[in-house]
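A short worksheet on the structure shown next.
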Amino acid sequence: MPSHDVLIIGAGLAGQRAALAAAQAGATVGIMSKVHPVRSHSVAAAGGMNAAISVDDDWHSHAYDTVKGSDFLGDQDAIEIMCSEAPAEVMHLEHIGVTFHRNDKGELDLRAFGGASIKRTAYVADITGQAILHVLYEQLMKHHETVQRFEEWFTTSLILDDVGTCTGCVARDIRTGAMEVFTAKNVILASGGAGQCYKPTTNALICTADGIAQAYRAGVPLMDMEMVQYHPTTLVENGFLITEGARGEGAHLLNKDGDRFMEKYAPNKMELASRDVVSRAEQTEINEGRGVGTDGEGIYLDITVVPKKRTLEALREIVNVGRDFAGVDITKEPILIRPGQHYIMGGVKTDVDGVTAISGLYAAGEVACISVHGGNRLGANSLLDTLIFGRRSGEHAAERSRQMAMPTGGQAQLRHDEAMIAGIIAREKTGRRISEIKDELGNVMNDRVAVYREEAGMLKAHETVKRLKEEAQTAYVDDRGTVFNQDVLGAIELGYMLDAAECTVVAAIERKESRGAQFRTDYPERDDEQWMKHINTSVPTDADDTPRISYSPVTITQWQPEERKY
Amino acid sequence: METRKPPQDFTLRVRRYDPESGQAPYWDEHTIQLEPHRSVLEGLLQAKGRFDGSIGVRCSCKAAICGSCGVRVNGQPGLACHTHLGAALKSAKDGVIEIEPMGNMPVIKDLIVDMDAVHWKKIARVTPWLLADEDNVPEREHIVPKEAMVDVTQSMACIQCGACVSDCLSMELDPLFIGPAALAKAYRFVGDPRDVQQVQRLEDLAQDPHGLYACTHCFKCIDACPKGVAPMSQIMRLRRRAGSDHHIKDANNGFNHEHAFVKNIRRNGLLHENDLLTDSFGGKLSPAAGAFMARSLPVITRALLRGKATLKVALSHPHKAPADVKRIFDTIEARPERVEFNPYITGTDEDNAPNPPAEAPQTGPHAGQEATA
């Protein structure tokens, strides 16, 4: 039975950073992921990572931009930590090998990004996430003696002892089908977001809310789940991401009349207003009949205004994406985009060290909500979030494990999970197909709980989600084997997604105002008096079977709420 | 650019293997319906979602970033998500798109191969992490030339999908060959000015009998790579650094062979294979050359018998290079330092041309219809 001081579930940026930090602090570390670590969705982060490293910059400015970007829902103590520790983190990454692009003097180059008052985004072309993820994996290979890797292991449950402390997890070796108890003094969830609850989404197929649902089911509240980010530039064709770096390099957004319509919505920042603002502006143009495309369903992103040499050097990946997935040469013609689901600001509620309500359980990265992003995350703050709070969780957990004995137990949970999987495999072929239920979920979320929301639509969405939860109980699988049975994992993931989606809908119905990514057409104003607070959703205890709502205050340190203008 | 076409039927023939069945691999066919510009992966996922959830294929991002879905489509290695159904149909031999697992790696199930057993083991072989000067860590970033970071970004762009490993001919022959992906990874450090053990790395890779000089320049990896990493080009750059910059004379005779090659072309214009063999071992009179020739007699005999080599060509090859060839050598050798030609950094002339005059974007009811391929 594997046992570690610190067990990390998920091996994207947050997980790998946590593992390296915990190992460096002297803990024994295991890191587990349902995919090979370099397949983690952090790989898709394109544009860069914010840090006030320029001599003209100051972390206070970065923090203020982040608070404003969050529409004053972000917790300012956490934001201060993230922004003040950012420069050292960038330098650390540079020292271990990240190939950040340089300026003519050989120093780190910085690019402009949305919602930022100065150029402060360090980058590697438009593959920044990939470059950092692969360098962290290089470090995991280097430190293979102190960090044990469990690649292609799927977590089925967190294990709680009699007093409700987390003592590890149960996981399935995808390659063999073997189930095992992993005992740990501390578990850090770093298993990413929930984008697959939506269709389309920029998120990978693996982003199925696993950790969010596992923590929720174990009793940890989820916070800010209503705050779902729609990225302003995703391909109309298939929902693929076009980096904000394109606008950072100077690209324009145009409606069918060829107007740079952002003048109307954000006269100062134009295309580089925060993402919620830009997505809403685009959606308004589309809804009011000024969209482009066959059915006026999109907006043009015009990258031809960026010097071609610069595009080929700094936006290489989207040149490929345009060519390979949309048949467009972005250096010669505009490309058709629209807002698309991209990120969830909400997640497992934690403090600034990743500590959750359950002793021994931490969370970091997109799975967590600290909350540094509040109502809306700024571009290039997500990589930063994963690295800063991944490291802090790893260090905190390593420290905590020093004073503890290794827990035991977990066999009951193992038997439970083995029976659960056997039950899925034994289902009669009478129910719906998993893929059908998943598609229906994605469509209803994208129709009803998107850029513009209103109560009636969301109540319908909740009804649908509740019905899908019922149907998921009997959805059947074709694969009855043990080796790489992806089918049975898909059935478990579907359950995770439905739990997360329900919390999103319930919280979005609850918040009767418009703030950040949540825009209610029935409550179009921000209402600081009533709603300057976080909404938490917790696993139901009563017969009603609907997530329980509670509230947490927003921490304000130095920036009082003000009207948000870009 | 293809214009948008309506969904159509595509038949996928998938190589299946169930390790638990005790049965041999077999072919399985499914007909799916999608637009031709959709990917083979989307086709597979439709087949999996609608007809048979047991089809095993690794996948995640669907956008050629995560590197999960390396397969062979109609015999060509690549990412399933990066291959259009329409294009795959065109290269299909009988109207059916054939999808198989990658080569050179053991199959675990269906399209899933054991990358740990081959690919990742080879990556681990090249000390795949930066060896910076730990005694002199700068307070801020290392100051390095802008171009150097753009340069290593090409090998950093590798997503570890294994497509190049799948069809590496040298690896097929010599399973211990470090291979295209791992050698490209090695260049990522050798080309990184922050790494302080570049010479040791080059020495190590040059002396390894399965290292730098085991590549036979077949270009397969360049064709296979979905990310423009051009692994073979990185291998050649490692060789230039090892040979031309650091004069590493390796036990595999790679260094001598390259020098003999250059000498041969300079003298003969066209390659004179007889001289090449002996010159690689120090000339006709060198004992090493004699020994090698003696060892190679069976190969030479077979080549003669099959007409791959003839005595006439061998003996009557002209020993005079045209003046143009000589001029090329003179020009290059007169330069004070080696100029590395890498369009990845410099861009092509077309890339560097100023932007064309701004054109009004297409508008109107049909705008965007062509925005697919």
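Order of the sequence lines fixes the chain letters, A, B, ..., with proteins taken first and strands second; residue numbering starts at 1 for each chain.
- Using a 4.5 Å cut-off between heavy atoms, A/Phe484 touches chain B through backbone and side chain atoms alike.
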Legend entry - salt bridge (charged side-chain N to carboxylate O under 4.0 Å, His left out) assessment of B/Asp116 paired with A/Arg149: CA-CA 12 Å; B/Asp116 292 340; A/Arg149 307 197 297 269; over 6 Å; no

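- Contacts between B/Ile159 and chain A at a heavy-atom distance below 4.5 Å involve backbone atoms as well as side-chain atoms.
- Taking B/Gly67, B/Gly56, B/Ala124 one by one and counting their heavy-atom pairs under 4.5 Å with chain A, the maximum is reached by B/Gly67.
- Within residues 127-134 of chain A, the residues approaching chain B closer than 4.5 Å by heavy atoms are, in numerical order, A/Ile127, A/Gln130, A/Ala131, A/His134.
- Contacts between B/Ala64 and chain A at a heavy-atom distance below 4.5 Å involve backbone atoms as well as side-chain atoms.
- Among residue pairs with one or both ends in residues 108-128 of chain B, those qualifying as ring-ring contact (aromatic ring centres under 6.0 Å, His included) are A/His36-B/Trp120, A/Tyr137-B/Trp120; sequence neighbours excluded.
- Residue B/Gln154 holds its CD atom at 7.0 Å from CZ of A/Arg316, rounded to the nearest 0.5 Å.
- In this structure, the side chains of B/Met149 and A/Phe100 stay at 4.5 Å or more apart for every pair of heavy atoms.
- A salt bridge is absent between B/Arg140 and A/Glu94: the closest approach of a Lys/Arg side-chain nitrogen to an acidic carboxylate oxygen does not fall below 4.0 angstrom.
- Between the side chain of A/Arg39 and the main chain of B/Cys66, a donor-acceptor pair closer than 3.5 Å is present.
- Only the backbone of B/Phe51 comes within less than 4.5 Å of a heavy atom of chain A; no side-chain atom from C-beta onward does.
- For B/Arg50, the part lying near chain A is the backbone, with the side chain staying farther off; criterion is any non-hydrogen pair under 4.5 Å.
- Top candidate by heavy-atom pairs under 4.5 Å with chain A, chosen from B/Val137, B/Asp195, B/Ile112, is B/Ile112.
- Within the 4.5 angstrom heavy-atom criterion, atoms from both the backbone and the side chain of A/Thr482 approach chain B.
- With sequence neighbours excluded, the residues that form a side-chain contact (heavy atoms from CB on, under 4.5 Å) with B/Ala88 are B/Val40, B/Val73, B/Asn74, B/Thr83, B/Ile97.
- Between the A/Glu313 side chain and the B/Val150 main chain, no donor and acceptor come within less than 3.5 Å of each other.
- Heavy atoms closer than 4.5 Å to chain A are found in both the backbone and the side chain of B/Lys48.
- Chain A forms more heavy-atom pairs under 4.5 Å with one residue of B/Asp52, B/Asp110, B/Val152 than with any other, namely B/Asp52.
- For a residue to count as touching a neighbouring chain, one of its non-hydrogen atoms must lie under 4.5 Å from one of that chain's; by this rule B/Pro138 touches chain A with backbone and side chain alike.
- Heavy-atom pairs under 4.5 Å with chain B peak, among A/Val477, A/Asp479, A/Thr202, at A/Asp479.
- When the ring pair (Phe, Tyr, Trp, His ring centres under 6.0 Å) test is applied to B/Tyr26, no partner is found at least two apart in sequence or on another chain.
- A salt bridge between B/Lys146 and A/Asp109 is absent, with no side-chain N of the basic residue lying under 4.0 Å from a carboxylate O of the acidic one.
- A/Val90 does not touch chain B: none of its heavy atoms, backbone or side chain, sits under 4.5 Å away.
- Within the 4.5 angstrom heavy-atom criterion, only side-chain atoms of B/Lys109, from C-beta onward, approach chain A.
- Contacts between A/Val98 and chain B at a heavy-atom distance below 4.5 Å involve the backbone alone (N, CA, C, O).
- For the pair A/Glu237/B/Arg38, a side-chain contact is recorded, criterion being any heavy-atom separation below 4.5 Å from C-beta on.
- No other option in B/Ser60, B/Ser54, B/Gly49, B/Cys61 has as many heavy-atom pairs under 4.5 Å with chain A as B/Ser60.
- Chain A forms more heavy-atom pairs under 4.5 Å with one residue of B/Glu141, B/Met156, B/Glu147 than with any other, namely B/Glu141.
- Looking at B/Pro19, the atoms closer than 4.5 Å to chain A (heavy atoms on both sides) all sit in the side chain, from C-beta outward.
- For chain A, the option among B/Leu45, B/Ile55, B/Ile65 with the highest count of heavy-atom pairs below 4.5 Å is B/Ile65.
- In this structure, chain A has heavy atoms under 4.5 Å from both the backbone and the side chain of B/Ile143.
- Heavy atoms of B/Asp192 lying under 4.5 Å from chain A belong exclusively to its side chain.
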